> 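Starting off with a structure, shown below.
What you are looking at is a predicted structure, and each value in this text was computed from that prediction instead of being measured.
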Amino acid sequence: MSTESSSRATFPPGLHNAYLFAVFNALSFQVVLGSPMVLYAKTLNASATVLGIIAGMMPLLVIFQIPAAHYVARVGYKRFVFAGWGTRVMFIFAMALVPFTGGFLDAGTRLALILMLLFGFNLSRGISSSAWLPWIAGLVPEAVRGRYLARDAACVSVASVACALLAAFCLGTNPSPWQFAVLFGFSGLAGAASLNFLKRMPDVPVPEEDRQSKTQVPWLEMSRHQPFRRLLWEAMAWAVVYGGIQAFTVAFLKSETALAEGQILFLSAVFYCGGLGSLWFLGSRLDSLGSKPVLSFSFLIWLVLLAGWVALAGGYFKATWSLLLGLHFFMGLFSALVQMSNTRLAMAVSPVMGRSHFFAIYSVTTSLALGTAPVGWGMLIDALGQRDYLWLNLHWTRFTLFFAAIAVVMFIALILSRRLEEPKAVNMEALLREILIQSPQRVWFRLWPRG
């Protein structure tokens, strides 16, 4: 796609409300689906398997997009999303009450109650999200979707940084239950505010062929569409990696280092700062570069980052602030690039007719991988227990083996990314030229001493 065509295309009026929705939505879900919820579950003596269930519940329940996609055409995109998002806000306010039940409920019962409320929250989200991608794909012109996704990711990253810093300040060291309750209450208020901007977003009509079609959806044939199928395999491999990294880097820092809750949440803020940096790095040029080369380059960097985690868990490196800050920043940057690239490519390879169903297949299959992965990784970590073997000057503990296994899956994702079909994408050589020569980063190379 040429730069000229991208510059001629414009965003539709009222799209700024989508960015404001993204900000307040991120302020809300980063509490109940992110590090604060993991830390609260740890105070209730949750095992690694339970932490995996918490991390995997949201993507697992996206499977309800398949039956829900049939009703999107009848209800309309906007009404469908609004109903689901409104329902999940009520579950957040219920979660804010759980920490106050410590006087008459034991830790195990409170953990079960949180799991039940998270199930309701994620179920309502999973159903309603079936209308989100078709809505955005119909609203945003193809030539500027990369720019939209980059700006949307920037909004989410800014809000996530603010949320992580707020959570760090709120929880501090050895937080009391009421501090978690305040944080969950803030999440509910932010979620309620996001509904106001969601309601102001412009709606788009459902394609007439989707609205009137009463034939059985050929799910199997749709999944065999070759460009779409190759994207599914790559995205699922990435989901297996990201589903484990999200939960168990926090668990590793909490159980294997001397960091307090506030310090761990500060590192989460740095992660989201990296996501914000993706807009400056390559995100704003996705439309001209294409998704395929950005994915391959991001996976290569991820392999380097995972080698750092293996060395850290194995005792080769000490858990210094400089190392932890660097790992979190670049993980945030390149995970944001992967997410933007995959979403943009899904929009590109999904035919207009039946788009809701193609997106439902994409969301469900990748989310199943994203949901089952942390449960499987958690069971693996629990099964390994406290084993410690010295090999290659590394202590091979449960977390060392976990990060090494994640790296193997990441290598598979890299291979799969090279098989993606995107005719308008540039090659890797052009991407490296963009990074090293034509981007603002060239200033660093010019300033670097040449001996």
Side-chain angles (χ1 to χ4, degrees), residues 1 56 59-70 72 126 129-134 136-138 142 145-146 149 207 209-210 213 215-244 286-287 289-300 302 335 337-373 376 406 408-428 431:
M1 184 173 300
L60 275 177
L61 292 178
V62 173
I63 194 173
F64 285 93
Q65 281 194 10
I66 293 291
H70 180 68
V72 170
S129 61
S130 61
W132 178 254
L133 277 181
I136 294 301
E142 181 180 0
R145 284 175 187 162
L149 291 171
E209 57 269 22
D210 286 352
S213 176
T215 59
Q216 187 175 358
V217 179
W219 296 108
L220 187 59
E221 292 301 318
M222 294 170 74
S223 65
R224 288 174 178 170
H225 181 54
Q226 182 165 298
F228 185 71
R229 185 180 72 248
R230 291 187 174 185
L231 172 63
L232 285 182
W233 282 112
E234 174 271 318
M236 284 192 291
W238 161 251
V240 171
V241 171
Y242 193 63
L286 266 180
D287 291 314
L289 296 172
S291 296
K292 179 178 177 178
V294 174
L295 285 168
S296 298
F297 180 74
S298 298
F299 291 156
L300 280 171
W302 260 100
S335 62
L337 284 176
V338 171
Q339 182 63 32
M340 285 188 287
S341 300
N342 276 336
T343 304
R344 178 187 172 278
L345 193 54
M347 292 181 179
V349 302
S350 298
V352 175
M353 186 173 181
R355 177 175 280 166
S356 295
H357 297 96
F358 271 98
F359 286 151
I361 295 174
Y362 172 78
S363 297
V364 168
T365 53
T366 55
S367 294
L368 282 174
L370 190 63
T372 55
I406 285 281
V408 172
V409 182
M410 178 58 76
F411 182 73
I412 295 173
L414 172 62
I415 296 174
L416 293 172
S417 72
R418 302 305 303 154
R419 300 176 63 248
L420 294 173
E421 296 184 17
E422 189 181 13
K424 296 181 181 180
V426 302
N427 56 30
M428 185 61 72
L431 176 68

> Roughly how far apart are Ile415 CD1 and Trp233 CH2, rounded to 0.5 Å?
14.0 Å
> Check whether more than 12 heavy atoms from other residues, nucleotides or ligands sit under 6.0 Å from atom CD1 of Ile63, and answer yes or no.
no
> With side chain to side chain contact (heavy atoms under 4.5 Å, CB included) as the criterion, how do Ile361 and Phe228 come out once you've worked through the C-alpha distance, each side chain's angles and the decisive distance to 0.1 Å?
CA-CA 10 Å; Ile361 295 174; Phe228 185 71; 3.7 Å; yes
> For Val240 versus Ile406, what's the shortest heavy-atom pair and its separation?
O-CD1, 4.1 Å
> How far apart are the closest heavy atoms of Val409 and Ala237, and which atoms are they?
CG1-O, 3.6 Å
> Rounded to the nearest 0.5 Å, how far does CG of Leu414 lie from CZ of Phe297?
12.0 Å
> If you look at every heavy atom in Leu420 and Arg230, which pair is closest and at what distance?
CD2-O, 3.5 Å
> Atom CG in Leu416, atom CG in Leu231: separation rounded to 0.5 Å?
10.5 Å
> Is the shortest side-chain heavy-atom distance between Thr343 and Gln339 below 4.5 Å?
yes
> Please report the closest heavy-atom contact between Ser335 and Tyr242, naming both atoms and the distance.
CB-CE1, 3.9 Å
> Rounded to the nearest 0.5 Å, what separates atom CG in Leu300 from atom CE in Met410?
10.0 Å
> Are Glu234 and Asn342 close enough that some pair of their side-chain heavy atoms sits under 4.5 Å apart?
yes
> What is the minimum heavy-atom distance between Ala239 and Ala369, and which atoms define it?
CB-CB, 3.8 Å
> Report yes or no: does Ser296 contribute a side-chain atom to a donor-acceptor pair with the main-chain N or O of Pro293 at less than 3.5 Å?
no
> Using every non-hydrogen atom in the two residues, find where Ser417 and Leu295 come nearest and quote the distance to one decimal.
CB-CB, 4.4 Å
> Which class fits the ring pair Trp238 and Trp302: parallel under 30°, tilted 30 to 60°, perpendicular over 60°?
perpendicular
